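Order of the sequence lines fixes the chain letters, A, B, ..., with proteins taken first and strands second; residue numbering starts at 1 for each chain. All values reported here derive from a predicted model rather than from experimental measurement.
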Amino acid sequence: MQELPRSYEPSTIEAELFKSWDEAGYFDRSAAGFANEALDPYTVVIPPPNVTGVLHMGHALNNTLQDILVRIARMKGQPTRWIVGTDHAGIATQNKVEQKLTEEGLTRFDLGRKAFVEACWDWRQSYGSVIIEQLKAMGCSCDYAHEQFTMDPDYARAIRKVFVDWYNAGLIYRGHRIINWCPRCTTALADDEVEHHEECGSLWYLRYPLSEPVDGVEYLVVATTRPETMLGDTGVAVNPNDEQYKALLDSGATILLPLMEREIPLFADEYVDPDFGTGAVKVTPAHDPNDFAMGERHDLEQINIFDEHAVLTSAAGRFAGLTREQAREAVVRNMEELGLLERVEEHQHAVGHCYRCDTTIEPWLSEQWFVAMKELAAPALEAVRSGAVRFYPRRWENTYFHWMEHIRDWCISRQLWWGHRIPVFYCSSCGWVGASEHDLILCPVCNGRLEQDEDVLDTWFSSQLWPFATQGWPAQPGWEEELAAYYPTQVLSTARDIIFLWVARMVLSSLYFVEDVPFNDVLIHPTVLDRFGNIMSKSRGNGVDPLELIASYGADGMRFGLALQVTGNQDMKFNEDKLLGSRNFATKIWNAARYVLMHIEGLRFAPGRIEPEPATEADRWILSRLAGLTRSLNDPETRYDFGAHARRLQRFFWNEFCDWYIEISKGQLTREALRQSTAQNLVFVLDQALRLLHPYMPFITEKIWQSIPHGDTRPSLMVAAWPDDKALAAYLHPDAERRLSLLLDVVATVRSVRARYGISPKQPLAVVVRTAGESAASHAESLSSLSLMLTQLGNLASFTAGEDADRPDNASVTVTDELEIFVELEGLVDFAVERERLSKEQEKLEADRARLESKLSNQGFLSKAAPEIVEKTRTDAAEMADALSRIAAQLESLPR
RNA sequence: GCGCGAUUAGCUCAGGGGGAGAGCACUACCUUGACACGGUAGGGGUCGCUGGUUCAAAUCCAGCAUCGCGCACCA
């Protein structure tokens, strides 16, 4: 037990507490021996942040939620491990290191592959742990002692095995295809890594002259959004059923491609939509996936006019050397000069951009590696259909299904240097090609020298293994036992934008290699938008730095404020007010704890856990409320309803414990007979509340808990027992709750009267309550027994309650369903004001009553509504009628 | 085009068939020995629109409108 400083300064306690948890070993699965090995383990893998990453709001939210779940499990005694680590993030990291080189006037080619990769490792050494440190600042209770990295040697082994197994199973193949190419990153991208934005572009109508006029027709018109690609055209297609081109098709006409003076065929293909543009499509097999497909069907030449930077090559003749933007301008100008530009229309269309650098993607023909997905997708689809993997909220399962059902092969090769190099070896002598888990030097066939594939694997190829590769698969000692005990993991919490990129692929690869799902629950948290509803991004500059928020509100304030905003919705407009409110809440908790400490000074507690001792109605009430809170927080159905739980916690602590129980305790503590029991109840409720709050606000709760005499033998709240709703259920007490609400009504009424008449809280008032209705007698008795408490809370000069209590002269009158509350005002009372207020109340009540009565006179209602509803309506209406008559009587008897 | 989400107090959002809620903001009063990052009392809403189901709809269903997010794209 120790003193708490007068004011709460988060920054003065957070780092120190974190260090103490770390040193005590609580982040380990054994929680320094406090975990109960007999219970189900709880394992979570963090979505590995990029090594280049700095904490953003998405991380702050996601890791708050994971930490809440992990801390609850740990307090329940489950062997808990939150696996943490970083992702090597191929493109992102390579970009960072290249950027640094550029500043030094170098390119990666100046360094060469080996030195460049070393530079990446150096970079990782220097900056790669930034985000891990930030997680610590948030208070995240990850297993930092076993930090993982997707480029670790053990991880690399897993990658190798996956690649080789799939290669040998024929699931990985090499192909010459149109892929998405980023000319800035100079690498291929998977379909999912391309972001489509709607852009306002143009549709150019170009005249393509026929080689020979047909029946006086000299040209046809094609429409295109990318005129520059015409330099690579090797055909023009129309729909076979399109009447307007029938004659041309039948005549076997060919086209003389302008600017290139190349003769290209006119052909028919079902793909062409006769109603779009002119119904004639220029076909560029090397630069458009659809054209590529048509080219394959019609055996067209593929002319690649772009190099890897999307600069025109010699295949573009005199346009060689231009960028694609310059080429567009030049082509359009040239066509116009030739009189071949018919018209230009505005045209809205989606354009693909690199998800890493936002450069416009170029569909580009190249040799790449692919994973055949269809076969792999089937069990992954089934895993979610069967419920083995369940999404929260459930609707995201549709997104997953749609992707899995329309899955396309996955381009996994990247033309980068930083990453897992593709383990395929080529023999230049005999042409042998093979994949190997170990580096090969000599050809197994001809003993010739082997060359390894130059490309590296997509970063998502490695992160798909995260849940099992981080637990030792496939070669670390004891991995089978590890997975048998701790796999699948319990929950994966992440943002919706990586459901395809990551979540789906983890399911798919885990089912293949570990023959089990990687996790049972997938929690898709809302996306944090700025306060105007825009997505937060670097380019918009509207991001909020979680570390600044921690500085302003404390880690606890930030966490609680974020948790409060979590709903089942897809978005969350970031509301900083909630963080301010949460910091204030933390201060409230702090001060409540200081109050408790202050008032138990000099008291002695029996050894062991402090037990509650319900001696008064208020004691029974607060314990009942605590029991109810604990029950609702432990409901497994609502385990991911963070916002609802946070609100309940705040309501209980602030509005019930602080506003009422602490206030009531002030009176109880002055009575010798109640002093000890009240103190015990204060400590007990505070202790239990701190436990329930700890997962949300780990620092302040720990700090306070270690300062109060809870009597628990555990040295830290982090490993103290989570409140047991079944044990607390013994304290549920509906009658006490009902009686306290009567008292609360009376107190609120007295305060309201004071405010209305400007009477100081310091001036004691005499109050008389007349009880009414069926429970009049017991209510009168309850209130009488609570009179000490009432007197203290309302600062009353006297209090009497009874079924037949008389209204004093000169009293303000308030009528409730079950009470008539008279507050004596000794000449101050303004009866005109009282009458007006009562009349207003009467009006409102009469309207309500009329509505209920109309229900009760409705045959349909009486015969079809649930009996208990009818009964309730009846008693409510009766109560209202009764209250109305009492109001009428009061109005009648009030002096004029 | 297909799918999904949102629309409730000035703002941010809960709620989810049976008497409209919270926080912030606003107004008034209160520096009371836990807390002014506080307390008390107030004001403020025909729950987007139109239909339907139902004894009963803010709540369920359909359509519409507006905003937003995916996916797929016809060059």
Side-chain angles (χ1 to χ4, degrees), chain A residues 4 6-8 196 203-204 222-226 229 236-237 271-284 288 290-291 294 347 349-350 393 395-396 398-399 402-403 406 496-497 499-500 526-527 529 531 533-535 553 557 564-565 567-578 580-599 643-644 647 650-651 655 658-659 662-663 666 747-748 751-756 758-762 795 844-845 847-849 851-852 855 858-866 868-870 872-873 876 880:
Chain A
L4 291 173
R6 196 178 160 72
S7 71
Y8 165 57
H196 294 274
L203 193 58
W204 282 272
V222 297
T224 180
T225 55
R226 297 205 56 197
T229 62
V236 170
Y271 163 77
V272 180
D273 175 1
D275 297 325
F276 186 88
T278 61
V281 187
K282 59 186 276 310
V283 181
T284 321
D288 181 282
N290 296 315
D291 291 7
M294 281 195 280
H347 183 68
H349 62 144
R395 73 184 116 87
W396 294 111
N398 292 330
T399 306
H402 186 267
W403 187 77
H406 298 87
R496 65 171 185 268
D497 53 352
I499 291 176
F500 310 141
T527 301
L529 306 178
R531 66 201 179 94
N534 298 308
I535 203 142
Y553 309 111
L564 272 176
Q565 296 178 68
T567 67
N569 287 347
Q570 63 177 10
D571 295 326
M572 164 180 140
K573 265 186 237 179
F574 177 62
N575 184 354
E576 198 163 331
D577 282 349
K578 291 273 194 264
L580 181 64
S582 299
R583 184 202 61 180
N584 295 350
F585 179 40
T587 306
K588 189 76 181 175
I589 297 170
W590 185 262
N591 285 306
R594 285 182 58 236
Y595 167 84
V596 172
L597 281 174
M598 214 172 273
H599 288 85
R647 275 186 294 277
Q650 189 167 13
R651 172 160 302 276
N655 302 112
C658 293
D659 289 351
I662 283 187
E663 291 310 316
K666 288 173 183 173
V747 174
R751 287 170 177 167
S752 185
V753 170
R754 282 185 196 280
R756 196 156 358 111
I759 299 165
S760 160
K762 286 178 185 157
N795 189 22
K844 203 179 144 232
L845 201 56
D848 287 345
R849 193 190 64 88
R851 207 186 46 245
L852 295 192
K855 272 185 171 189
N858 179 339
Q859 265 313 313
F861 176 72
L862 294 175
S863 58
K864 291 183 181 174
E868 63 271 22
I869 295 290
V870 176
K872 185 176 186 302
T873 308
D876 284 356
M880 285 178 187

Item checked: Pair partner, G44(B) [Watson-Crick or wobble, under 3.5 Å] -> none

Check: Ignoring hydrogens and geometry, is there a side-chain-to-backbone donor-acceptor pair from Gln565(A) to Lys578(A) under 3.5 Å?
Finding: no

Note to self: When you measure from the side-chain N and O atoms of His402(A) to the phosphate of A72(B), is any distance below 4.0 Å, counting only OP1 and OP2?
What the structure shows: no

Do any N or O atoms of the protein come closer than 3.5 Å to N or O atoms of nucleotides 33-38 of chain B, and which pairs are they?
{"residue": "A34(B)", "atom": "O2'", "partner": "Asn591(A)", "partner atom": "OD1", "Å": "3.3"}
{"residue": "A34(B)", "atom": "O2'", "partner": "Arg594(A)", "partner atom": "NH1", "Å": "2.9"}
{"residue": "A34(B)", "atom": "N7", "partner": "Lys666(A)", "partner atom": "NZ", "Å": "3.3"}
{"residue": "A34(B)", "atom": "N6", "partner": "Glu663(A)", "partner atom": "OE2", "Å": "3.1"}
{"residue": "A34(B)", "atom": "N3", "partner": "Asn591(A)", "partner atom": "O", "Å": "3.1"}
{"residue": "A34(B)", "atom": "N3", "partner": "Ala592(A)", "partner atom": "N", "Å": "3.3"}
{"residue": "C35(B)", "atom": "OP1", "partner": "Arg6(A)", "partner atom": "NH2", "Å": "3.2"}
{"residue": "C35(B)", "atom": "O4'", "partner": "Asn591(A)", "partner atom": "OD1", "Å": "3.3"}
{"residue": "C35(B)", "atom": "O4'", "partner": "Asn591(A)", "partner atom": "ND2", "Å": "3.3"}
{"residue": "C35(B)", "atom": "O2'", "partner": "Asn591(A)", "partner atom": "ND2", "Å": "3.1"}
{"residue": "C35(B)", "atom": "O2", "partner": "Lys588(A)", "partner atom": "NZ", "Å": "2.6"}
{"residue": "C35(B)", "atom": "N3", "partner": "Lys588(A)", "partner atom": "NZ", "Å": "3.0"}
{"residue": "C37(B)", "atom": "O4'", "partner": "Asn584(A)", "partner atom": "OD1", "Å": "3.0"}
{"residue": "C37(B)", "atom": "O2", "partner": "Arg583(A)", "partner atom": "NE", "Å": "3.3"}
{"residue": "C37(B)", "atom": "O2", "partner": "Asn584(A)", "partner atom": "OD1", "Å": "3.2"}
{"residue": "C37(B)", "atom": "O2", "partner": "Thr587(A)", "partner atom": "OG1", "Å": "2.5"}
{"residue": "G38(B)", "atom": "OP1", "partner": "Asn584(A)", "partner atom": "ND2", "Å": "3.1"}
{"residue": "G38(B)", "atom": "O3'", "partner": "Lys588(A)", "partner atom": "NZ", "Å": "3.1"}

Note to self: Contact between Trp396(A) and Gln570(A) at the side-chain level, heavy atoms closer than 4.5 Å - yes or no?
What the structure shows: yes

Checklist line | Toward the 5' end of RNA chain B, by each residue's nearest nucleotide, Arg496(A) or Gly568(A) | finding: Gly568(A)

Notebook entry, point to check: When you compare G63(B) with C55(B), how far apart are their C1' atoms, in angstrom units rounded to a whole number?
Noted result: 26 Å

Check: Are Asp288(A) and Thr229(A) side-chain neighbours, meaning at least one heavy-atom pair lies under 4.5 Å?
Finding: no

Notebook entry, point to check: Paired with U32(B) by Watson-Crick or G-U wobble geometry, both distances under 3.5 Å: which nucleotide is it?
Noted result: none

Next item on the list: Could you walk me through whether Trp403(A) and Ile499(A) pass the side-chain contact (heavy atoms from CB on, under 4.5 Å) test, one step at a time?
Entry: CA-CA 9 Å; Trp403(A) 187 77; Ile499(A) 291 176; over 6 Å; no

Check: Between the main-chain N or O of Ser760(A) and the side-chain N or O of Arg754(A), is there a donor-acceptor pair closer than 3.5 Å?
Finding: yes

Margin query: Measuring from the side chain of Arg751(A) (C-beta onward, heavy atoms only), which nucleotide among G5(B), U40(B), G18(B) has the closest atom?
Written below: U40(B)

Note to self: So, does Tyr271(A) get its side chain near the phosphate of A75(B), meaning an N or O under 4.0 Å from OP1 or OP2?
What the structure shows: no

Next item on the list: Pick base, sugar-phosphate or nothing for Arg754(A), based on heavy-atom distances below 4.0 Å to the nucleic acid.
Entry: nothing

Check: Start at the 5' end of RNA chain B and walk down; is the nucleotide closest to Arg756(A) or to Leu862(A) reached first?
Finding: Arg756(A)

Note to self: Tell me the interatomic distance from Gln650(A), atom CD, to C24(B), atom P, rounded to whole angstroms.
What the structure shows: 8 Å

Margin query: Between A25(B) and C11(B), how many Å separate the two C1' atoms, rounded to a whole number?
Written below: 7 Å

Check: Rounding to a whole Å, what distance do you find between Gln570(A):CD and U7(B):P?
Finding: 11 Å

Note to self: Using the P atom as the point on both nucleotides, what is the distance between C26(B) and C37(B), in whole Å?
What the structure shows: 14 Å

Notebook entry, point to check: With a 4.0 Å cut-off on heavy atoms, is Phe500(A) in touch with a base, just the backbone sugar-phosphate, or nothing at all?
Noted result: sugar-phosphate

Margin query: If you define the side chain from C-beta out and look only at heavy atoms, does anything of Ile869(A) sit under 4.5 Å from Phe861(A)?
Written below: yes

Notebook entry, point to check: Atom CD1 of Ile499(A) to atom P of C4(B): distance rounded to whole Å?
Noted result: 14 Å

Check: What interatomic distance, in whole Å, is found between C1' of G16(B) and the corresponding atom of A57(B)?
Finding: 11 Å

Item checked: Euclidean distance for P, G48(B) against U59(B) (whole angstrom) -> 8 Å

Next item on the list: Look at the side-chain N and O atoms of Asn290(A) and state whether any lies under 4.0 Å from the OP1 or OP2 oxygen of C74(B).
Entry: yes

Check: Is there a side-chain polar atom (N or O) of Ser752(A) under 4.0 Å from OP1 or OP2 of G42(B)?
Finding: yes

Check: Over how many whole Å does the gap from Lys864(A) atom NZ to G17(B) atom C1' extend?
Finding: 15 Å

Check: Hey, does the side chain of Thr399(A) come within less than 4.0 Å of G70(B)'s phosphate (OP1/OP2), counting only N and O?
Finding: no

Item checked: C1'-based separation of G42(B) from U46(B) [nearest Å] -> 23 Å

Next item on the list: Determine the interatomic distance between C1' on G10(B) and the same-named atom on G43(B); round to the nearest Å.
Entry: 13 Å

Item checked: Nucleotide C69(B), atom P - distance to NE2 of His196(A) in whole Å -> 15 Å

Next item on the list: Look at the side chain of Lys762(A) and decide which nucleotide, out of C13(B), U31(B), G18(B), has an atom nearest to it.
Entry: U31(B)

Note to self: For a quick check of understanding: with a heavy-atom distance under 4.0 Å over all strands, which category does Ser760(A) fall into, base, sugar-phosphate or nothing?
What the structure shows: nothing

Note to self: Tell me the interatomic distance from Asp571(A), atom CG, to C13(B), atom P, rounded to whole angstroms.
What the structure shows: 9 Å

Notebook entry, point to check: When you compare A62(B) with C4(B), how far apart are their P atoms, in angstrom units rounded to a whole number?
Noted result: 10 Å

Check: Do the side-chain N and O atoms of Arg395(A) and Asn398(A) include a donor-acceptor pair separated by under 3.5 angstrom?
Finding: no

Next item on the list: Would you indicate which nucleotide in C24(B), A75(B), C55(B) comes nearest to any side-chain atom of Phe861(A)?
Entry: C55(B)

Notebook entry, point to check: Whom does G68(B) pair with, Watson-Crick or G-U wobble, provided both distances fall under 3.5 Å?
Noted result: C4(B)

Next item on the list: Would you mind reading off the distance between Arg531(A) atom CZ and A25(B) atom P, rounded to a whole angstrom?
Entry: 15 Å

Note to self: Using side-chain heavy atoms (C-beta onward) and a distance below 4.5 Å, is Arg756(A) in contact with Val753(A)?
What the structure shows: yes

Item checked: Side-chain N,O (Asn569(A)) to OP1/OP2 (C4(B)) below 4.0 Å -> no

Margin query: Do the side chains of Asp659(A) and Arg651(A) get close enough for a salt bridge, i.e. N-O under 4.0 angstrom?
Written below: no

Item checked: Partner nucleotide of A22(B) by Watson-Crick or wobble geometry (both distances under 3.5 Å) -> U12(B)

Notebook entry, point to check: Looking at Asn398(A), does any N or O in its side chain come under 4.0 Å of the phosphate oxygens OP1/OP2 on G3(B)?
Noted result: no

Check: G23(B) P sits how many Å from Asn575(A) CG, rounded?
Finding: 14 Å

Next item on the list: Write down the partner of G17(B) under the Watson-Crick or G-U wobble criteria, each distance required to be under 3.5 Å.
Entry: none

Notebook entry, point to check: Relative to the ring of His347(A), is the ring of Phe276(A) parallel (under 30°), tilted (30 to 60°) or perpendicular (over 60°)?
Noted result: perpendicular

Notebook entry, point to check: U59(B) pairs with which nucleotide, Watson-Crick or G-U wobble, both distances below 3.5 Å?
Noted result: none

